[in-house]
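In the text below, chain A, chain B and the rest are named by the order of the sequence lines, each starting its count at 1.
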Amino acid sequence: MGSILRFRKLSYLAPVKLHTEKKVEQEKKAVDVPNPCFSPEPTKRALAPTVRRSGGKEWRCMDNCCWMIGFLCTTWWLCLFLFNCLPATLPGFQAPESPGVRLKREGITALHPVVMVPGIVTGGLELWEGKPCAEDLFRKRLWGGGFTEIIRRPLCWLEHLSLDNETGLDPPGIRVRAVPGLVAADYFGPGYFVWAVLIENLAKIGYEGKNLYMAAYDWRLSFQNTEIRDQALSRLKSKIELMYVINGYKKVVVVPHSMGVVYFLHFLKWVETPPPVGGGGGSGWCSKHIKAVMNIGPTFLGVPKTVSNLFSGEAKDVAFLRAMDPGVLDSEMLGLQTVEHLLRAGRTWDSIVSLLPKGGETIWGNLDWSPEENHACDLSKRKPLGERNSTDGNAKRSALKEPVKYGRMISFGKAAAELPSSLLPSLDPKTTTKKNSTSSCSEVRTEYDEMNREIIGKIAENKAYTARTVLDLLRAVAPKMMKRAEAHFSHGIADNLDDPKYTQHYKYWSNPLETKLPDAPDMEIYCLYGIGIPTERSYVYKQSPSSRCKSIPFRIDTSVNGDRGESCLRGGVSFVDGDESVPVLSAGFMCAKGWRGRTRFNPSGASTYVREYRHKPPASLLEGRGAESGAHVDIMGNVGLIEDVMRVAAGATGLGIGGDRVHSDIVRMSDRINIRL
Amino acid sequence: MPTLRRRKPADSDKPTTSAPSDDARGGGGGTTGRGEEEEEEDYEQDADNSKRKKNNNKRRRKKKAAAAAAAAASADNKHPALPSEEEEDGRKHHRKRSKWSCVDNCCWFVGCVCLTWWVLLFLYNAMPASFPQYVTEAITGPSPDPPGVKLKKEGLKAKHPVVFVPGIVTAGLELWEGHQCAEGLFRKRLWGGTFGEVYKRPLCWTEHMSLDNETGLDPPGIRVRPVSGLVAADYFAPGYFVWAVLIANLARIGYEEKTMYMASYDWRLSFQNTEVRDQTLSRTKSNIELMVATNGGNKAVIIPHSMGVLYFLHFMKWVEAPAPMGGGGGPDWCAKHIKAVINIGGPFLGVPKAVTGLFSAEARDIAVVRALTPGFLDNDIFRLQTLQHIMKMSRTWDSTMSMIPRGGDTIWGDLDWSPEDGYSPSKRGQKNNETDIKNQDGSDSKPSQTAKAHYGRIISFGKEVAEAPSSEIERIDFRDALKGKNVANSTCRDVWTEYHDMGFGGINACAEYKAYTAGSIVDLLRFVAPKMMDRGSCHFSYGIADDLDDPKYNHYKYWSNPLETKLPNAPDMEIFSMYGVGIPTERAYVYRLSPSAECYIPFQIDTSAVGEDKDSCLKDGVYTVDGDETVPALSAGYMCAKGWRGKTRFNPSGIRTYIREYDHSPPANLLEGRGTQSGAHVDIMGNFALIEDVMRVAAGDSGDDLGGDRVYSDIFKWSEKIKLKL
């Protein structure tokens with residue numbers, strides 16, 4: 001219905017446009033000059049002498065052009081000048097007071113040093129050694145900042161950002177390193193803040209270089225490789241120890257964001273493990289040095305979006321592609337193969353694998369069941385929590401409304417996404433055998449080229465994949481990447497956490513379901529995340545119609561929509577509640593249930609807190625990205641979140657800031673998950 | 001204007017024109033527009049000239065011109081437009097046309113300029129990156145490989161982690177908390193970078209750059225902190241490299257962020273205060289330990305530059321001193337963590353230039369002020385008191401006092417004698433001329449007939465005093481002179497320097513003393529700037545130790561003075577002293593009383609004092625010797641040439657020392673920029689020979705592998721003349 005209306009609106013607008021154009025044309029004819037100007041008044045002024053002097057040759061087309069440009073420039077400069085003269089705050093428009101100023105007035109001052117751990121893609125990368133095509137880019141940012149190099153030399157840029165396909169480390173002759181310091185991730189692009197707002201507010205209550213540290217790392221590498229290549233973990237350890245000492249033996253508050261959360265989880269295990277694998281900090285290190293870990297938008301249990309990203313390169317709004325989306329993805333710059341090129345570069349980045357859904361069917365649901373069932377997608381029509389609870393008990397209602405089967409993370413065709421599981425054909429993708437294809441796709445070789453068309457067909461025949469089988473699927477379509485990455489990451493659930501393999505091998509350290517938290521009963525763990533934005537959860541796929549050898553054979557079937565207006569299935573993607581990137585389940589489960597109290601994952605009983613921030617889009621353009629946003633990155637500018645972080649940094653405890661603050665169904669969802677604790 | 005007046009009633013005759021009030025405004029707009037037309041034409045010519053020059057100013061000026069033009073254009077366009085439309089075929093063709101064409105011409109012209117500018121910009125961007133190099137090579141012949149490339153071909157690899165210690169003024173400072181006037185500058189550079197704020201809000205800027213007059217720490221409500229990371233001092237201003245060339249070359253053989261560390265610190269503070277306020281020394285210690293640990297136990301190579309040399313000297317004592325005052329690293333910390341200290345242009349014994357900077361703010365070319373000089377010092381931005389403002393600001397910086405000449409008369413010479421006696425620029429070539437030296441030695445005892453430079457008199461009042469034999473100078477001691485009240489105190493309330501407390505009596509007393517040697521200079525400064533020196537004497541000392549084992553030398557104020565500390569016990573460590581020579585460097589000054597002694601600084605360098613013959617070292621009131629433009633060779637080289645050479649009381653463990661001098665040769669042409677063979681204080685950081693030496697040491701070579709000493713100046717001869725117990 002909505003789309004029809006929209007269409008009507010369009011068609012209604014069209015004639016008007018035509019009409020005005022015609023009018024302009026008529027005017028033009030009337031004055032008999034080929035150059036339309038942007039505003040009628042100056043046009044006439046300019047035209048008047050022209051008409052009169054049509055015999056003379058002073059004002060020709062060229063001159064008119066110059067005149068136009070000159071006029072535009074001068075107006076532009078005038079506006080710029082006026083803009084600069086403008087007082088910083090317009091009278092009448094009272095800028096909301098920043099939390100930093102408010103808390104300073106309350107008398108809160110810096111106490112605990114703060115360590116920030118940026119997430120994937122938000123950290124800057126700079127070039128230290130490159131191929132001849134990147135001659136003059138030494139110590140210039142390849143990632144973050146202007147991204148101008150993408151447009152100037154896209155292939156060169158991709159080559160330098162890719163890692164070695166075998167080792168997952170630097171390709172020979174190329175060294176791209178993380179930018180260090182606060183500048184690494186304060187702004188992602190010019191004007192697009194990530195940590196800047198938080199930093200500025202912290203500075204208001206007295207933070208500065210000595211008690212504020214950005215633990216920048218190369219986010220393309222697997223976590224252990226950042227230590228092997230750059231000693232990033234050792235540096236982080238030494239920095240935390242140093243800050244602890246020079247700030248009067250005050251423990252550190254760590255604020256990781258997005259993938260930084262799993263990275264820091266890895267660090268927590270690494271630092272207490274004896275060398276050579278670990279940092280040798282001893283078993284009391286965390287409880288001695290860390291006061292609280294304030295995870296922002298945590299990706300504890302993975303992000304479904306990564307699946308589609310790795311599977312078909314179709315990261316519709318994963319931040320890292322979105323950054324380049326306008327005009328890059330759809331253009332033909334790289335010779336029609338933009339997506340393929342990106343897929344190839346992206347698949348050399350091990351870190352992405354750390355974001356695949358963890359915990360398999362127990363957490364994410366199987367063919368028939370998922371913890372988020374009964375999720376009402378029309379978020380605007382949501383009822384208050386209490387009311388919903390009572391209606392949810394009503395079996396009738398859930399029968400009426402056909403639940404979306406979120407457990408089927410990838411299904412081929414809409415039917416497969418909705419059929420009951422008994423009707424689905426089952427086929428183990430592991431049994432498919434591989435043959436070398438003889439295609440001559442030498443230019444861009446994604447691993448699909450090595451796959452036989454038959455296998456691709458078989459994959460599609462399997463119809464539906466859950467969180468567990470999706471891993472098998474990826475192993476089938478991207479064997480090299482998965483082989484490399486699975487040496488570094490694991491996605492299961494531990495049966496017996498005391499099994500020595502879990503402490504000895506680093507691949508389990510970033511999976512909260514396969515590690516114990518360190519023995520630090522005083523440490524506090526926060527999960528701070530936004531809610532109220534539809535977040536991708538599962539996908540409906542189709543085989544790509546053009547089976548040219550170089551294209552990716554699978555596509556999200558964007559034609560699939562839910563039957564009703566309030567369906568969660570739109571454009572081939574089913575949505576749940578979340579912060580646009582991370583579903584609530586992944587962000588909140590560990591704090592809400594997995595670690596709550598004294599569980600086997602949290603043997604020392606470190607206290608956990610869930611703090612949710614409901615998304616409120618910015619009211620006007622003047623507000624920029626909004627002070628109450630809940631979106632994955634924009635939440636870093638959320639006033640409520642900033643205040644919480646600052647209070648904890650200044651010494652407050654989790655109970656001091658009000659304990660849990662829950663708006664979503666996270667508690668109910670967690671209850672539905674059957675996991676031994 | 002009369003035409004406009006006449007027009008108004010005519011316009012208001014028309015029934016269709018807008019309200020008279022509008023019209024009146026229109027007339028007003030027209031007036032301003034016309035008033036500015038002439039200016040615009042000036043701007044046109046202006047811009048026309050600068051277009052050929054293609055410098056950056058062009059853009060700025062053009063923008064201004066355009067803004068003015070735009071103001072005119074818009075004012076013109078809006079209001080008188082109404083009548084003009086109606087009078088298409090009216091009677092005032094002629095007047096209107098001329099007005100028209102003027103504004104239009106303006107627009108047209110701006111458009112043209114913009115277009116050309118864009119075309120040029122486009123061409124510039126489209127130009128292959130190697131083009132400038134190609135042009136250079138076409139003119140000057142093939143340029144040598146940068147040392148990084150050359151050494152990489154030789155197979156050198158990164159081995160020892162490298163720590164850079166920047167000097168005074170070259171490192172950036174950024175704002176973390178400020179007053180109202182600095183709104184919007186959070187984490188923006190106040191020092192380094194473009195210095196845009198100096199022009200925009202000069203008083204606000206000096207306020208934020210100043211420290212507290214009493215404590216030498218932050219004033220209340222202001223926090224300015226050093227920029228951290230390599231960016232702190234790679235470029236001082238856009239295009240003006242400091243460490244960038246060295247960093248780029250090191251990167252060629254495999255160095256990167258994890259093996260390079262810029263130990264940036266707030267260079268305004270005294271050294272110990274950087275630890276008290278920012279824990280900078282602790283951070284440096286922790287970083288060196290980390291880098292040594294993560295690089296397989298390879299010791300660090302430290303590269304301090306300029307004042308960083310003293311800072312690191314302080315660090316080496318601090319790190320081994322026990323905990324509350326020191327870093328508690330234990331007596332063998334340096335031996336365990338440091339392979340070599342490569343001092344670049346180190347003012348070990350101070351810089352004479354620092355004296356004048358503190359005394360009269362006339363740091364003709366101390367980097368501090370030089371950076372701001374063009375169009376700044378001499379104009380009226382601060383209402384004629386630029387120098388006083390700068391002086392007031394820089395006197396709150398304790399670190400400037402670390403560069404006051406140390407060692408007094410023993411090192412720098414007394415009224416009659418100085419180690420550099422007999423130096424003259426033209427004689428530099430014939431170093432081994434024995435007779436030459438003898439002659440000068442002989443002439444020392446007699447009153448010289450020719451104008452022999454008395455370098456020992458660092459400040460003398462009047463040229464006669466500077467040249468007269470010591471017996472003829474009558475000196476009246478100034479130390480007990482009464483400081484009178486300044487009559488003019490009230491009128492100078494804006495800028496308050498301590499001179500106003502001295503009064504005329506005190507000022508004259510200073511001048512009556514006639515000549516000051518390095519020893520009495522400290523007293524002089526104490527007299528003219530008591531507050532500053534009170535603060536400074538808690539942090540720095542300028543003497544020579546008689547007995548180094550005296551426990552008082554455990555106090556941190558002695559740690560940055562090489563003549564009052566022992567080097568750490570690290571026999572395997574190496575100390576290099578690398579500096580440029582071949583540039584006249586300020587050594588002694590001729591002063592006079594400033595004629596108008598009211599709100600001005602009462603002393604000035606007497607720029608009229610010039611030596612008689614061409615060979616004279618006296619120019620514009622300044623005696624110069626050999627050095628790197630800032631630091632005299634004596635100060636940079638003496639410790640390594642003699643003070644620490646072998647096993648002396650200053651160097652009990654016998655750390656090996658090496659002197660590497662780099663003879664200055666100016667860049668052959670403009671395309672070379674600041675040259676690859678420069679010996680100037682900062683430009684030497686781009687000297688290929690120096691970079692190669694540094695890289696070889698970083699890759700594992702010892703001083704002997706480099707070829708030991710490399711000397712162009714008379715440093716050894718001069719050192720011999722200094723009689724210091726070793």
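Residue contact with chain A, scored on non-hydrogen atoms closer than 4.5 Å, involves the backbone and the side chain of B:Val231 alike. Of the two parts of B:Ser228, neither the backbone nor the side chain holds a non-hydrogen atom closer than 4.5 Å to a non-hydrogen atom of chain A. At a 4.5 Å heavy-atom cutoff, the contact between B:Asn287 and chain A is made by side-chain atoms alone. Contact of A:Lys239 with chain B is made through the side chain alone, with heavy-atom distances under 4.5 Å. At a 4.5 Å heavy-atom cutoff, A:Leu127 makes no contact with chain B through either its backbone or its side chain. Using a 4.5 Å cut-off between heavy atoms, A:Arg235 touches chain B through backbone and side chain atoms alike. Heavy atoms closer than 4.5 Å to chain A are found in both the backbone and the side chain of B:Glu257. With a 4.5 angstrom heavy-atom cutoff, B:Arg187 touches chain A only via side-chain atoms. Only the side chain of B:Arg223 comes within less than 4.5 Å of a heavy atom of chain A; its backbone N, CA, C and O stay farther away.
Heavy-atom minimum distance, B:Asp234 versus B:Met262: N-CE, 4.4 Å. For B:Val110 against A:Trp77, the heavy-atom pair with the smallest separation is CG1-CZ3, 3.8 Å. The two residues B:Thr274 and B:Asp266 come nearest to each other via the heavy atoms CG2-O, 3.7 Å.
Between chain A and the options B:Glu289, B:Arg277, B:Glu256, the largest number of non-hydrogen pairs under 4.5 Å is found for B:Glu256. Note on B:Asn295, B:Thr280, B:Ile247: by heavy-atom pairs under 4.5 Å with chain A, the leading option is B:Ile247. Put simply, of A:Ala178, A:Gly206, A:Cys79, the one with the most heavy-atom pairs under 4.5 Å next to chain B is A:Gly206. With chain B as partner, the option from A:Lys204, A:Glu200, A:Glu129, A:Glu126 having the largest number of non-hydrogen pairs under 4.5 angstrom is A:Glu200. With chain B as the partner, the residue from A:Asn247, A:Val245, A:Asp186 showing the most heavy-atom pairs under 4.5 Å is A:Asp186.
Between A:Cys156 and A:Cys133, the sulfur-to-sulfur (SG-SG) separation falls under 2.5 Å.
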| task | Starting from the C-alpha separation in whole Å, work towards a yes-or-no answer on salt bridge (charged side-chain N to carboxylate O under 4.0 Å, His left out) for B:Asp218 and B:Arg225. | result | CA-CA 10 Å; B:Asp218 288 329; B:Arg225 295 287 178 267; 2.8 Å; yes
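In this structure the side chain of B:Asp278 reaches within 4.5 angstrom of the side chain of A:Glu208, judged on heavy atoms.
When each of A:Leu182, A:Leu236, A:Ile240 is tested with A:Tyr213 by the rule side-chain contact (heavy atoms from CB on, under 4.5 Å), just one qualifies, namely A:Leu236.
Using the six-membered ring where Trp is involved, A:Tyr244 and A:Tyr249 have ring planes that are perpendicular, over 60° apart on the 30 and 60° scheme.
With a 6.0 Å radius and a threshold of 12 heavy atoms from other residues, nucleotides or ligands, B:Tyr235 has its OH atom at or below the threshold.
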